Each structure stands twice: as C-alpha cells, then as structure tokens.
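Only a predicted model underlies this, so the values are computations on that prediction, with no experimental measurement involved. Worth knowing before you read on, the calculation uses all heavy atoms, side chains too, and leaves out hydrogens, waters and symmetry mates.
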There are 2 protein chains.
Amino acid sequence: MRQTTQPDPTRERLLDEAERLFADKGFAGVSVREITAAAGAHLSAVNYHFGSKHNLYLAVFRERWLPRARRILERLDRLAARGLPRPEDLVRTITEAFFSGFADDAERRRHHQLIHREMCRPGEALSLIVEEVTRPIFDRFRRLLEPHLPPGVDEEEVTLYIFSVICQVLFFNFGRPMVTALTGRTYDEQFRRLLVEHITRFSLRALPRGGEEDS
Amino acid sequence: MRQTTQPDPTRERLLDEAERLFADKGFAGVSVREITAAAGAHLSAVNYHFGSKHNLYLAVFRERWLPRARRILERLDRLAARGLPRPEDLVRTITEAFFSGFADDAERRRHHQLIHREMCRPGEALSLIVEEVTRPIFDRFRRLLEPHLPPGVDEEEVTLYIFSVICQVLFFNFGRPMVTALTGRTYDEQFRRLLVEHITRFSLRALPRGGEEDS
DNA sequence: GTCTATAGCAGGATAGAC
DNA sequence: GTCTATCCTGCTATAGAC
C-alpha cells in the first residue's frame, strides 16, 4: 500500500525539525526562521506549506505525534486480541510501550516533551490528544481491567486508578532531569528495565484484586 | 519580626504578575510589556528592578516559589516532630499539603504550573528547586518511611517509591485539564478530597509493608 | 525612582519574480 | 514550488530627562 507519489521532502523536513524544536523549546520559544534554517528551507516555506506557524504546530501533532501514539494504542489491541490479559500483562504492556515503543531515545523524548508541554498550556492540540489517544487508551484499559476488580468498584474509581498508572509512565519519561538528579542514574537500557519493573509492581500492588486469581 | 521598611510595592507587583503570566504562558510566551502593563508599571521597571527579563524569572522562583515550597516542607517537619508517623499519615500529609497548602486555588495552579514548566525545559531554576526543595522532601520522606519497610529494600527502591507517590500528587495538580476532560469533574473541594484519598490509598497499598504494623 | 524616547534587532507574514 | 526582498509589528534593553 505504498504511495506512488512521494510526499514533499521539504514539507517532511519542516515537520521533523519543527517537532524537534517545539518539543525542546515550546511554541513561543522557537522562531520560524530557526525551523526553516534547521530544515534547510527558506523562511517562506512554512507559510507556503502550512499557512502559519500555528498551523505547522498543529500539523506536527496530527502528522507526527498522533500516528506514533496510535501505534502504542495498537499494542493494547494486539494484547487484547489474545484474550483477556492478566492485570500484570496489561500494566506491563502499556508501561513498556511508553518506554520502548519508539524508534530511538530521541523520538521518545520528543514525544513525551510535546504532550508534556501541551498539558502545561492546553491548546487545540490537547483536545485532539484526549479524544484520539487518551480516551481510547483509558477505555481499553478500563474494559480489560474491570473483570479483575471486585464488584464494588465504580467507574470513576477505575479511572483514577488508570490515571495513577499512566501518570507514573509519563512522569518517569518527561521528568527525566529530576529523576536523574535524585537517583544519579542515566536512562540506559538497564535503568529503563528497572523503571518498567518498578511501575508495574507498584501499580499491581495498588490495584485492588478480585474476580479471578491468576497464576 | 516585621520589617519596618516596606518592600518596594512596584517590585512586588511585578513579581506577582510575572509569576502569574510565566506560569500561564511560559518564559518565552510572555513579554516584558505584558508584565509591566499588568502590574501597572512602566516598561523600564523590569530592567530597573531586576536587570533583565531572565533575572525577573529567577527572582520569581527565589522570592515566590521557593518560600511557598518551604512552607510545604515544614509540614513534614511538624509531622515528624510528633514522633515517627505511620506511613498513612506520612503519605496523607504530603499529599494534602500539595492540594491544600496554598492560599487559594489560583496560587496552587501557579505553583504547579511553574514547576511543571521548569521540568519541561530544565534551566537554572530546576537545580535550585531540586537542591532546595525536592531533595529535602525526598530525604525526609525516605527517613520517615524506611523504618516501616522490610529490611531487604534498598535505598534506590525507596527513592522510586517516593517518585511514584510524588508524581501522582504533581500530575493530579498540573494535569488538571486532562483529568477534567476524562472524568468530567471540576476541581472543587469535594473532588480534591477524593483525589487526596485516592492517592493516599493507592500509594499505601503499593508500599510494601514490614516492621511494625499499625492499627 | 519614575517616565520618555529610542536604539537595535528579531519576529511572522506576504507579494511577486523566477 | 522556491527564493528575494520587504513590510510592519513587537521585542528587550538602555540612555537620559525629570
């Protein structure tokens, strides 16, 4: 299903560099001049391809951030396709996806910095993120988790549980400078595995058990 | 111990408005003109009182953010002064402090937005925050928690536990737009109490118990 | 200490040649 | 589609009158 017509390479490079710079410095902290220079394009290229700086920002979310986030979502669907997962596999899958479901370390940083910034100052991108990614993740998570919970737990309680799991995943990714400052650890492969284990175990102990018992 | 010489009211208003605007829009997103206009001062007042926009930003952290954070820290010290607290009281105290240890809702938002932004793009302020606030909180938390943990738990594991507790507190404060979008709840008094209860219970179940058992 | 005036530069956006 | 040239606004910072 490959496209025969190649997408405009200048446009693609603009999106790449814009994502990197927006993630690093935020929307207001980056100038169009900086983006076009980094992309080896001319100043007017942004206005030609996207109409405005703001539209370029939204395009980064629509064409870069969202597709990547959807790939993470697919991991949950693949897990669910194999039958009802144990809570442990559920939590571990989602955690690992956020830690390893990226091409490389730089991509993971960009991805989390962007969502982090958008949570900081909610704009049009946040509603896009919530409806297209966050809510689907929560819905799937809730559906797969609820069979394991005792009957008394209401939906809002489950939502808060999921928030407590997800917020750890997010924090250990975008709070990296603070985590490094306090632990002295760099985010190498070993430390990432340790964090995934920690978040999984912490969250599993915290989730009230009921229904079927596993292993 | 009241100061006889009143602090310069223009300077104070500049700090107030700068904090509000920096928290809302970030350093690059605010202009000196906007700050001075909001403070009813003249454009050159920032340079007169602080030398530069950047110094004003640092002054906001030193003279507004840090003193407030230290007041939260004092709550831990007052708790510890009454003897070794149960883990439940420890977690509840720190959680409640972050949710209610502020003059009003606006002040709490500003406080969390500022730290959130600084975690987003670490600058000089972050090292100040880590050394003056985060590390002391972690040290006290660890010292008060360790007696309750089983002997096998090493220091790094405890540090990760504390991160998982603190990150929930932070997230439910600065991730407010997302939490509201997914729960439909506004942050009124009732919901805040619910969140404090949720974080406390979630974290307590997750902490491995050992040593003395309470109640 | 406060205000005016302005330097000096960087910002986003656009029109029009090629 | 790309590049040049340019508009005009807004920015931080400073010098100097009062």
For B/H54, report the nucleic acid contact type (base, sugar-phosphate, nothing); a contact means any heavy atom under 4.0 Å.
nothing

Within 45° of the six-membered ring axis of B/F27 and under 6.0 Å from that ring's centre, is NZ or CZ of B/R117 located there?
no

Please evaluate the base of C/dG11 for a donor-acceptor partner in the side chain of A/R33 within a cut-off of under 3.5 Å?
yes

Looking at B/F102, is B/R68 sitting on its ring face, NZ or CZ under 6.0 Å from the six-membered ring centre and within 45 degrees of the normal?
no

How is A/S52 classified with respect to the nucleic acid when contacts are heavy atoms under 4.0 Å: base, sugar-phosphate, or nothing?
sugar-phosphate

Note: A/R201-A/E88 ion pair, threshold 4.0 Å (strictly below)
no

Which nucleotide in D/dA13, D/dG1, C/dA13 has an atom nearest any side-chain atom of B/N47:
D/dA13

Value in whole Å for how far the P atom of D/dG10 lies from CD of B/E34:
12 Å

Proximity to the side chain of A/S31 - top-ranked nucleotide from C/dA13, C/dG12, C/dC3:
C/dG12

Want to settle it: does A/Y48 or B/H42 sit nearer the 5' end of DNA chain C, counting the closest nucleotide to each?
B/H42

What's the CZ-C1' distance between A/R13 and D/dT2, to the nearest Å?
12 Å

Where the side chain of B/L43 is defined as all heavy atoms beyond and including C-beta, which of D/dA13, C/dA15, C/dA13 is the nearest nucleotide?
D/dA13

For atom NZ of A/K53 and atom P of C/dT14, their distance in whole Å
15 Å

Take atom NE2 of B/H49 and atom C1' of C/dC3, then tell me their distance rounded to the nearest Å.
12 Å

Regarding A/R110 and A/D24, does a basic nitrogen lie under 4.0 Å from an acidic carboxylate oxygen?
no

Taking atom P of D/dT12 as reference, at what distance in whole Å does atom CG of B/L14 sit?
13 Å

Calculate the interatomic distance between A/R11 atom CZ and D/dT2 atom P; express it in whole Å.
12 Å

Can you check whether B/H116 and B/F174 have ring centres sitting under 6.0 Å from each other?
yes

d(CD1, A/I35; P, C/dA10) in whole Å:
17 Å

Check every atom of D/dT12, C/dA13, C/dC3 against the side chain of B/S44 and return the nucleotide holding the closest atom.
C/dC3

